[in-house]
Amino acid sequence: MLYGPLKRWLREAGITKRITFHCFRHTYAVLQLANGTDIYPVSKMLTHKHVSTAEIYLELLEDTKTQTLGRIQIHKNNDPVIAQII
């Protein structure tokens, strides 16, 4: 039912990777939360009965932040402090 328009959008965007509607939902939720949208409206847009169902997306974001912070090295090179992502 909804996969037809998604396939068309992907084709028009030049995306050749196979993306399912379920994958699209996950990506949509993570991007909304990463850009500051409150979890309650995101969970309602995804038609979750309980907000707690959408909390997994917040956990994904926390894991991503932790991984990113783990890749940053701080170097003191006189002044100022320089951060380098490795």
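As a basis for the values below, the full set of heavy atoms in this structure was taken, side chains included, without hydrogen atoms, waters or symmetry mates.
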Checklist line | Closest approach of H48 to R25 (non-hydrogen atoms, all atoms of both residues) | finding: NE2-NH2, 3.6 Å

Next item on the list: Look up atom OG in S43 and atom CD in Q32, then write down how far apart they are to the nearest 0.5 Å.
Entry: 12.0 Å

Next item on the list: Find the distance between CG (L10) and OG1 (T16) and round it off to the nearest 0.5 Å.
Entry: 9.5 Å

Note to self: Can you tell me if R18 has over 12 outside heavy atoms packed within less than 6.0 Å of its CZ?
What the structure shows: no

Note to self: Within this structure, what is the CZ-CG distance for the pair F24 and L6, rounded to the nearest 0.5 Å?
What the structure shows: 6.0 Å

Checklist line | Any donor-acceptor pair under 3.5 Å from T37 side chain to L33 backbone | finding: no

Margin query: So if I apply the side-chain contact (heavy atoms from CB on, under 4.5 Å) rule between Y57 and each of I39, L46, L31, which one comes out positive?
Written below: L46

Next item on the list: Mind checking the CD1-NE2 spacing from I56 to H26? Nearest 0.5 Å is all I need.
Entry: 8.0 Å

